[in-house]
Amino acid sequence: MKRRMERATGQHLGDSPIIKTSVRLLVPFVQLFGLYVIVHGHYSPGGGFQGGVALGASFILLALAYDLKTSIRHFSEGANAVLANTGALIFTGVAALCAVMGGLFLDYSALDKLIPMGPIEWRSFGIFLVEVGVGLAVMSIMVSLFWDISSGGEMDEGL
């Protein structure tokens with residue numbers, strides 16, 4: 001029945017100009033809010049995980065309102081893989097650099113030997129770097145999981 005209705009009208013049942021326009025207007029604000037949560041996460045509640053989920057949700061919202069191909073056009077699979085690996089590398093790189101510089105794993109004050117800013121400033125900046133890494137990784141993994149589940153691993157046709 002659904003296929004016959006799609007052929008007869010030339011539209012998908014879920015096509016709605018109101019939803020598409022709303023999503024097109026809403027996605028930049030969701031992404032801006034996600035970036036804000038990541039960047040401000042070392043000063044207040046929130047951080048990398050929550051901001052990464054908000055950023056990932058913006059691309060999932062595009063896929064739900066339009067289709068999977070539109071979401072992939074705005075955030076390609078290659079960019080997704082690069083950002084996921086970059087996020088994990090930032091997190092583990094900062095942690096390992098702390099250990100190499102003579103501190104404990106994620107002891108940001110040890111990075112003061114590398115660039116003398118003071119241990120308190122390094123703790124703040126180190127947390128910021130880790131939050132950025134976590135945010136990138138969470139966003140990319142969340143979007144990748146949605147793409148894979150919604151398309152059955154085919155990545156050519158989604159929900």
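Keep in mind it's a predicted model, so treat the numbers as computed, not measured. Heads up: numbering here begins at 1 and tracks the sequence.
- In terms of heavy-atom proximity, Asp112 sits nearest to Gly118 at OD1-N, 2.7 Å.
- For Thr70, the side-chain hydrogen bond (donor to acceptor under 3.5 Å, both in side chains) partners at least two apart in sequence or on another chain are Asp67, Arg73.
- For Ile19 against Ala65, the heavy-atom pair with the smallest separation is CG2-CB, 4.0 Å.
- In the hydrophobic clustering of this structure, Leu61 does not group with Ile18; members are Ile, Leu, Val, Met, Phe, Trp, Tyr whose side-chain heavy atoms approach within less than 4.5 Å, directly or through other members.
- Counting only residues at least two apart or on different chains, the ring-ring contact (aromatic ring centres under 6.0 Å, His included) pairs with a member in residues 65-104 are Phe59-Phe75.
- Taking all atoms of both residues into account, the shortest heavy-atom contact from Ser58 to Val30 is CB-CG1, 3.8 Å.
- Residue pairs satisfying the ring-ring contact (aromatic ring centres under 6.0 Å, His included) criterion with at least one member in residues 113-139, sequence neighbours excluded, are listed as follows: His42-Phe128, Trp122-Phe125.
- Of all heavy-atom pairs spanning Ala88 and Ala137, the tightest one is N-CB, 4.2 Å.
- A search for side chain to side chain contact (heavy atoms under 4.5 Å, CB included) contacts involving Thr21 returns Arg24, Leu25, not counting sequence neighbours.
- Met142 is not connected to Leu32 by any chain of hydrophobic side-chain contacts under 4.5 Å among Ile, Leu, Val, Met, Phe, Trp and Tyr, and they are in different clusters.
- Contact between Gly51 and Val37 at its shortest, heavy atoms only, is N-CG1, 3.6 Å.
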Give the table of side-chain donor-acceptor pairs shorter than 3.5 Å for residues 93-107, with sequence neighbours excluded, one pair per line with atom names and distance.
| from | atom 1 | to | atom 2 | distance (Å) |
| --- | --- | --- | --- | --- |
| Asp107 | OD1 | Ser109 | OG | 2.8 |

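- Here CD1 of Ile72 is found 11.5 Å from CG of Leu62. Values are rounded to the nearest 0.5 Å.
- Listed by first then second residue, pairs satisfying ring-ring contact (aromatic ring centres under 6.0 Å, His included) with a partner in residues 15-37 read Tyr36-His40, not counting sequence neighbours.
- Contact between Leu68 and Ser150 at its shortest, heavy atoms only, is CD1-OG, 3.9 Å.
- In the hydrophobic clustering, where aliphatic and aromatic side chains (Ile, Leu, Val, Met, Phe, Trp, Tyr) are joined below 4.5 Å either directly or transitively, Leu145 groups with Ile141.
- Under the 4.5 Å side-chain heavy-atom criterion for ILVMFWY residues, no single connected hydrophobic cluster contains both Val82 and Leu129.
- The structure places OG of Ser144 at 5.0 Å from CG of Asn80, a figure rounded to the nearest 0.5 Å.
- For Leu55, the side chain to side chain contact (heavy atoms under 4.5 Å, CB included) test picks out Gln31, Leu35, Ile38, Met139, with sequence neighbours left out.
- Hydrophobic clustering, with ILVMFWY side chains joined whenever heavy atoms are under 4.5 angstrom apart, keeps Ile120 apart from Tyr108.
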